[in-house]
Protein chains: 2
Amino acid sequence: MTTKEPSKRRTDIGQRYPKRVLKSPLQSLGVGPAESAQGTLFQGFHVLPQLPDSAILNVLLPGPFSGKPLSTALPRRPRASGRTTLADVARAASVSPITASRALRGERAVAPDLVERVRQAAQTLGYVPDPAARALASQRSTLVPVLVPLLSNALFVDVLEAVHRGLAPHGYQILIGVTHYDPQEEEKLLTSYLAMRPAGLLLTGFDRTDEARQRLAASGVPCVHLMETTRAPDVYCVGFSQQDAGERMVQHLLDRGHRRIAFAAAQLDPRTLQRAEGYRRCLRAAGCYDAGLELLSSEASSVRLGGELLAQLLDKHPDIDAIFFCNDDLAQGALLAAPRLGIRVPDQVAVAGFNDLAGSAEMLPSLTTVRTPRQAIGEESARMLLALMRGETPARNCMDLGFELTVREST
Amino acid sequence: MTTKEPSKRRTDIGQRYPKRVLKSPLQSLGVGPAESAQGTLFQGFHVLPQLPDSAILNVLLPGPFSGKPLSTALPRRPRASGRTTLADVARAASVSPITASRALRGERAVAPDLVERVRQAAQTLGYVPDPAARALASQRSTLVPVLVPLLSNALFVDVLEAVHRGLAPHGYQILIGVTHYDPQEEEKLLTSYLAMRPAGLLLTGFDRTDEARQRLAASGVPCVHLMETTRAPDVYCVGFSQQDAGERMVQHLLDRGHRRIAFAAAQLDPRTLQRAEGYRRCLRAAGCYDAGLELLSSEASSVRLGGELLAQLLDKHPDIDAIFFCNDDLAQGALLAAPRLGIRVPDQVAVAGFNDLAGSAEMLPSLTTVRTPRQAIGEESARMLLALMRGETPARNCMDLGFELTVREST
DNA sequence: CTGAAAGCGCTTACAG
DNA sequence: CTGAAAGCGCTTACAG
């Protein structure tokens, strides 16, 4: 535990902290304020988490401390946080706080030797800027909220990881918000995040409340939309055409000679429904669309549900020769349930999934699916947002990253 | 887009916002400040994301706005954020900002009618408190960082969801930090989160750098450790005995008559190694421990790897009659790979997993595993942290939530 | 029960 | 290139 005395401050007599008084790190540096140098008695002290041990000198008091302020010049009892502040750093470097601030942020021209001195002092004191103070003064935080529907889909975890890797090196901190596919919940999160003056925003898809849309626009916070594409010119997005991807998979099934192709879906979020549209478009064009072969469940997607959907579909339509599942977990569940149901895949029924999640390649038979570019979506959205936060205008407002049909044994 | 004029403030002439001047929401309420009521000319205005439409009256200016300050009394050009502040609410409710603050926070005794008036005004103005200002003034935010090793393990996602459900109703916001099992990364995250003056902290396990431990202690921020248990009296934790759980599973395999029991693990994080200890302890007690049957890979855990570990183990030790995998994804991979390798489960080799992840019950054969109480861990840790943040001392500093052996077809 | 003053720790906007 | 003043939007600590 490392401690210091608050310079020019009176504080509560340490009830919470051990009754020891430590020499000021500033004194150790030989740059302490006058009153420290003169040995003012300290009434209490606070813990300095950021202080490296090398800057500490322990000075034990002879007996229990009988705190009484020596200085009564203070007009009123101030609060003290005990934290190392910019002022401490500035004093240690013998510059003004503004110069210290500029030196640390690399802003404007500061004399190189001053920059070095400030950097040194900050390092020695273990100074960590207060993000709250910074946000308040600058009206801008370094926070970038990323709103995703859920974390239980590896899809979004992959996107989040990539976004994090893209933004962290530039000093931004991502803030993960989970909407559970609920526009109301998203609106609440947005309100709460907007109050934090975020530097930027990453949102999943375009489906949200009008209220949310308005607040977003009104806030002026740069925002990039994930997973989908749009033709609207005033919106930034990175994704791929969910509809085209759905269509592509169904075309593959048609190419394989299947004609009674079912669509099984859960969750029914906007992107799932877009894939459904692709399914319909493709089958209509081929003249084999049958609305009865769509099985849409609003339940959450899961391996277990996939097996149930398979059973239901084949029970009702024994002539089905292929099933396109809107997500890999459902398809995996179908593959696992098939042997128990006495269904041969792909001979009797071909099974296709979507997203190429973990385990799909290992299934028996291995799962034909659509590989979606979630890592690239994370990277590119971070890059686009970075540009927007710098005030630049990205070359394109909407990036279509495509997808990849991945044919394996199940079709 | 909703706007207002800044009261008592001069601002940049709207370059970013349309050149319209809107009537102040305060005026609409009939509680505007004197200068507004007298029709002071507005130089510019800002966007108010929080303002409900009902509070807005659009007043278009006749022509392009030729901004020139009427009032030159202001000593210097101030900054204006255009946000609805506590002062706005206070003015609308005709109380002082302090009273408004207290009324909104439900702190101390404020006259009920005043509370109502303030609440009303806040509602009408769509006031959202500034968390940065609040944190700065109170030295305490409502943020609760939760540090987990990764998000790609459903285990931690479940814990996070439960923690969120436990803390959100009390006004705390969780902040997800991913350490990637790297103590250095955790230390960095901790430093950055500690600077935000978090209300509390949730950490996974006890394995961290000394530096991190010190900063943690020095910060005085209430902290609960997840997933593991300890006998140390000064530490708060909610979890279960990983070692006992490992031991329990191996005992089950012994009970089934298996004697050549292998242990296959990946990631090798502290909890995995504790399970390994349980495995060893149990087999040593039974007199059938063989160090050669341990296959420890530092790779990340995955379905694919599980199949590889199975193949390796049986290649090297064809006499193995059971394998305990440290995590379900590995065990699932083994079950999926077994048919391709010509291995019959459980007749030839029994397969056991750990955690009861999604899909384990659907495997063929279904997977015997240990169900871990991650939801309860999330709930109870939130409850314990809540108590600590209120300054209370929880009855027990360490909660052991146990685990449940779940026997299915694979053993 | 209510409020005026001061302060939290930074940065902006000026001025030199 | 450097700094004194003011301000960001709240709450604490007093005083009544």
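Each chain gets a letter, A, B and so on, in the order its sequence line appears, and its residues count up from 1. This is a predicted model, so every value here is computed, not measured.
Across all strands shown, C:dA13 remains unpaired; no Watson-Crick or G-U wobble contact has both distances below 3.5 Å.
Residue B:R105 places at least one side-chain N or O closer than 4.0 Å to OP1 or OP2 of D:dT12. Listed pair B:S96 / C:dG3 meets the phosphate criterion, a side-chain N or O lying under 4.0 Å from OP1 or OP2.
Distance CG (B:L136) to C1' (D:dC8): 9 Å, rounded to an integer number of Å. Atom CZ of B:R140 and atom P of D:dT11 are 15 Å apart (whole Å). Here C:dT2 presents its C1' atom at 12 Å from CZ of B:R117, a figure rounded to the nearest Å. At whole-Å resolution of the value, CD in A:Q139 and P in C:dT11 are 13 Å apart. Atom CD1 in B:I98 sits roughly 16 Å away from atom P in D:dC14 (whole-Å rounding). To the nearest angstrom, P of C:dG7 lies 19 Å from CZ of A:R83. For the pair A:D130 CG and C:dT11 C1', the computed distance is 13 Å after rounding to whole Å.
A heavy-atom distance below 4.5 Å is found between the side chains of B:L175 and B:Y193.
Closest to the side chain of A:T99, out of D:dT11, C:dT11, D:dT2, is D:dT2. Here the side chain of A:L86 is nearest to one of C:dC10, D:dA4, D:dC10, namely C:dC10. Considering only side-chain atoms of A:A111, the nucleotide from C:dT2, D:dC1, C:dA5 that sits closest is D:dC1. Ranking D:dG3, D:dC10, D:dA13 by closeness to the B:R102 side chain, first place goes to D:dA13. The side chain of B:R134 sits closest to D:dT11 out of C:dC8, C:dC10, D:dT11.
Side-chain atoms of A:T99 never come within 3.5 Å of backbone atoms of A:V95 as a donor-acceptor pair (strictly under, hydrogens ignored). Listed for the B:S138 side chain is a donor-acceptor partner under 3.5 Å among the backbone atoms of B:R134.
Of all heavy-atom pairs spanning B:P131 and A:M196, the tightest one is CG-CG, 3.7 Å.
Checking A:P97 against B:A133, the closest nucleotide of DNA chain C that is more toward the 5' end is the one next to B:A133.
Note that the CD atom of A:E187 and the CD atom of A:E211 stand 5.0 Å from one another [nearest 0.5 Å].
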